[in-house]
Number of protein chains: 2
Amino acid sequence: MIVSTKGRYALRVMVCFAQRGREEYIPLKEIAESEGISQKYLESIMTVLSKAGFVDAVHGKGGGYRLNREPEEYTVGAILKLTEGSLATVSCTTQGASACSRSTCCQTLPMWERLDKMVDEFFEGITLADLLKEEQ
Amino acid sequence: MIVSTKGRYALRVMVCFAQRGREEYIPLKEIAESEGISQKYLESIMTVLSKAGFVDAVHGKGGGYRLNREPEEYTVGAILKLTEGSLATVSCTTQGASACSRSTCCQTLPMWERLDKMVDEFFEGITLADLLKEEQ
DNA sequence: GTATTTACCTAGTATTTCCATGGGTAAGTA
DNA sequence: TACTTACCCATGGAAATACTAGGTAAATAC
């Protein structure tokens, strides 16, 4: 598995906010219920999104969260990298060249690097606006 | 991370066998030492490769393992699927359509399915022979 | 036929990551 | 002042990961 619930939840929630527009603030409780996600768990995810400036937060009644920018301006890659920390497919490529003693002669490393690049380009090529258009 | 050490070790070991040809059997101990992998851990991986008919095993002195087929006939995908069990990037796509109650209306599911397909085609498009040619 | 070498089998275990849960505090609104 | 909301910190269970340990069975060499 390359993406855990944390990143997947973050993405789904961001899609929700994108659908709702930037007119009003939506409380976390509402999003958690409509998406069927644990409210407490979602809190920790929203904190990350908020601190990174992906969403705008307001306390008190009538408060909640909303997007800070237009859906076109968020790539799936940016959201996932923020919440997941890394999207590396193997640890070989994450830890830098010095981590694995065999990196200089490893026959499989170039393949992992190509895969990482491909996955990164895939995620960077999709925005929230693209996901909104998605139909089943 | 999409591929754990188990799959990565399996791949590296298969490359080793491919490099050594099918003339002689190579004992696990030799491979483990040259690759710097725990001998005992590698045992469990070789058992899987052996049972699947990917390698041929012979007991006693002069015994060991060797490839059963030519390097061109092994795709990276086949080796990884065998040892990792699954190469699904998210659990949404693994557990079948019924697993996630939101699969029919999920705005992100089509993206995960496209990613899975892309990754699968990537791995299926590379053989052991291709890895042998790899240069750093 | 005994010793050695190798693969094969079963079980256990320490560590880490994942996926939350619980309880409180601070900020803003009616 | 009461209420609603975001924010903060600590804890815990479950599963996976990456081994480790100790034995058994098969083949070969002497």
Side-chain angles (χ1 to χ4, degrees), chain A residues 1-10 12-13 17 24-33 35-66 68 80 83-92 94-95 100, chain B residues 1-10 12-13 17 24-33 35-66 68 80 83-92 94-95 100:
Chain A
M1 218 96 60
I2 198 177
V3 181
S4 67
T5 57
K6 201 169 177 179
R8 272 159 27 222
Y9 286 172
R12 276 169 54 192
V13 166
F17 286 118
E24 54 178 3
Y25 289 93
I26 304 152
L28 180 137
K29 193 183 173 189
E30 194 181 321
I31 296 283
E33 281 173 0
E35 286 293 314
I37 299 171
S38 150
Q39 196 174 323
K40 274 293 186 181
Y41 187 38
L42 196 51
E43 266 189 28
S44 61
I45 296 170
M46 290 313 300
T47 301
V48 175
L49 291 167
S50 179
K51 280 188 175 171
F54 281 37
V55 294
D56 186 20
V58 164
H59 287 232
K61 187 146 194 171
Y65 300 96
R66 71 171 186 197
N68 247 338
L80 291 181
T83 49
E84 294 283 322
S86 162
L87 291 177
T89 52
V90 288
S91 56
C92 316
T94 325
Q95 304 162 336
C100 180
Chain B
M1 218 95 66
I2 200 176
V3 181
S4 66
T5 57
K6 200 168 178 180
R8 285 178 353 244
Y9 285 173
R12 277 169 54 193
V13 166
F17 287 118
E24 54 176 3
Y25 289 93
I26 303 151
L28 179 136
K29 193 183 174 189
E30 193 180 321
I31 295 283
E33 280 172 1
E35 285 294 311
I37 299 172
S38 151
Q39 195 175 324
K40 277 290 185 182
Y41 188 37
L42 196 52
E43 267 189 27
S44 62
I45 296 170
M46 290 313 299
T47 301
V48 175
L49 291 168
S50 180
K51 281 188 175 172
F54 281 38
V55 294
D56 186 20
V58 164
H59 288 233
K61 187 145 193 170
Y65 299 96
R66 71 173 186 197
N68 247 339
L80 291 181
T83 48
E84 294 283 321
S86 162
L87 291 177
T89 53
V90 288
S91 56
C92 315
T94 323
Q95 305 161 338
C100 180

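Every chain is numbered from 1 and lettered A, B, ... according to where its sequence line falls, protein lines coming before strand lines.
Per the geometry, CD belonging to A:E43 stands 18 Å off P belonging to C:dC19, to the nearest Å. Here C:dA3 presents its P atom at 16 Å from NZ of B:K61, a figure rounded to the nearest Å. At whole-Å resolution of the value, CD in B:E30 and P in C:dT5 are 15 Å apart. B:L28 has its CG atom 19 Å from the P atom of D:dA26, to the nearest Å. Atoms CE (B:M46) and C1' (C:dC8) sit 12 Å apart, rounded to a whole Å. One can place CD1 of B:I37 at 16 Å from C1' of D:dT20, the figure rounded to the nearest angstrom. Residue B:Y41 contributes atom OH, which lies 17 Å from atom P of C:dA14 at whole-angstrom precision. B:I2 places its CD1 atom 17 Å from the P atom of D:dA16, with the value rounded to the nearest Å.
Of the candidates A:V58, A:V55, A:L49, A:I31, A:V55 is the only one forming a side-chain contact (heavy atoms from CB on, under 4.5 Å) with A:Y65.
For B:S4, a side-chain nitrogen or oxygen approaches OP1 or OP2 of D:dA18 to under 4.0 Å. In this model, the phosphate group of D:dC7 is approached by a side-chain N or O of A:Y65 to a distance below 4.0 Å at OP1 or OP2. Taking 4.0 angstrom as the limit, B:Y9 places none of its side-chain polar atoms (N or O) nearer than this to OP1 or OP2 of D:dA18. The side chain of A:K40 places no N or O atom within less than 4.0 Å of a non-bridging phosphate oxygen (OP1 or OP2) of D:dT11. Within the structure, a side-chain polar atom (N or O) of A:T5 is placed less than 4.0 Å from OP1 or OP2 of C:dC19.
Judged purely by atom type and a 3.5 angstrom limit, A:E84 uses its side chain to pair as donor or acceptor with the backbone of A:G7. Without hydrogens or angle criteria, A:R12 side chain to A:E35 main chain gives a donor-acceptor distance under 3.5 Å.
Toward the 5' end of DNA chain C, the nearer of the two residues B:K29 and A:S38, judged by each one's closest nucleotide, is B:K29. Nearer to the 5' terminus of DNA chain D, by closest-nucleotide assignment, is the contact made by A:G63 (compared with the other of A:K51 and A:G63). Residues B:E84 and B:V58 each lie close to DNA chain D; by heavy-atom proximity, the contact nearer the 5' end of the strand is made by B:E84.
Heavy atoms of B:S50 sit under 4.0 angstrom from primed sugar atoms or phosphate atoms, though from no base atom. Residue A:Y25 is classed as having no contact, given no heavy-atom separation below 4.0 Å to the nucleic acid.
Listed nucleotides C:dT21, D:dC7, D:dA27 differ in distance to A:A57; the shortest reach to its side chain belongs to D:dC7.
Note that CD1 of B:I45 is 6.5 Å distant from OG1 of B:T5, once rounded to the nearest 0.5 Å. Of the inter-residue distances, the one linking A:S38 atom OG with A:Y9 atom OH reads 8.0 Å to the nearest 0.5 angstrom.
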